[in-house]
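Below: the structure, in structure tokens.
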Amino acid sequence: TTPSMYLKWRKIMTKFSDEFINNVKNHWEDNKGKFKHIEKNGVHKERTTEKKFGLQDLADHFKLTESQARRIIYVVGK
């Protein structure tokens, strides 16, 4: 990639306030891996699955995309 392409990409990325980032990280640390609910699925054989709090749930809670949530948790502020 050329430097100009990199600068265009940096402008596209959404910026978040430090307070929002801290809220997201705290919510993730408090809830990651916790039991959420039991889901019944299967066509011929019924199965029950225990669903746990994951990255997609975090993204849905804060109305983010999964990529934005992942970037906040693992990249921003390190």
Side-chain angles (χ1 to χ4, degrees):
T1 61
T2 62
S4 62
M5 290 175 64
Y6 177 74
L7 293 175
K8 288 178 184 176
W9 178 76
R10 288 287 295 168
K11 289 179 184 177
I12 293 172
M13 291 176 56
T14 307
K15 293 186 180 183
F16 301 106
S17 69
D18 292 336
E19 181 182 344
F20 181 73
I21 291 170
N22 288 334
N23 287 343
V24 172
K25 286 186 176 187
N26 290 338
H27 190 73
W28 175 248
E29 289 300 322
D30 292 343
N31 294 306
K32 74 175 174 182
K34 284 189 178 178
F35 173 76
K36 205 171 83 171
H37 67 275
I38 294 178
E39 187 175 284
K40 293 185 179 184
N41 54 17
V43 178
H44 300 291
K45 183 178 179 182
E46 192 171 299
R47 296 188 174 113
T48 58
T49 308
E50 291 183 0
K51 294 293 181 179
K52 294 183 179 180
F53 190 85
L55 200 57
Q56 185 61 53
D57 300 314
L58 179 73
D60 292 341
H61 179 79
F62 286 101
K63 295 181 176 55
L64 300 169
T65 64
E66 186 176 345
S67 298
Q68 288 173 326
R70 180 175 282 118
R71 183 167 62 96
I72 288 172
I73 296 300
Y74 298 114
V75 177
V76 175
K78 288 201 175 197

Qualifying residues under ring-ring contact (aromatic ring centres under 6.0 Å, His included), relative to His61, sequence neighbours excluded =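 Checked His61 against ring-ring contact (aromatic ring centres under 6.0 Å, His included); matches are His27.
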message = Tell me every residue that passes side chain to side chain donor-acceptor pair (under 3.5 Å) with Asp60, counting only those two or more places apart in sequence or in another chain.
response = Gln56
Heavy-atom side-chain contact between [X] and [Y] under 4.5 Å:
X: Glu39; Y: Thr48; answer: no
X: Trp28; Y: Phe62; answer: no
X: Val24; Y: Phe16; answer: no

request  = For residues Phe53 and Lys36, report the shortest heavy-atom separation together with the two atoms involved.
outcome  =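 In terms of heavy atoms, the two residues are closest at N-CB, 4.3 Å.
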key: Between NZ on residue Lys32 and CG on residue Asp57, distance to nearest 0.5 Å   = 14.5 Å
request  = In plain terms, say whether Arg70 and Glu66 are close enough for a salt bridge, that is, a side-chain N and a carboxylate O under 4.0 Å apart.
outcome  =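 Counted as a salt bridge, because a side-chain N and a carboxylate O are separated by less than 4.0 Å.
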task = Check the surroundings of atom CG in Asp30: do more than 12 heavy atoms from other residues, nucleotides or ligands lie under 6.0 Å from it?
result =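 Counting neighbours around CG of Asp30, more than 12 heavy atoms of other residues, nucleotides or ligands fall under 6.0 Å, so yes.
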query = Ile72 pairs by side chain to side chain contact (heavy atoms under 4.5 Å, CB included) with which of Asn23, Ile21, Leu58, Asn22?
reply = Ile21
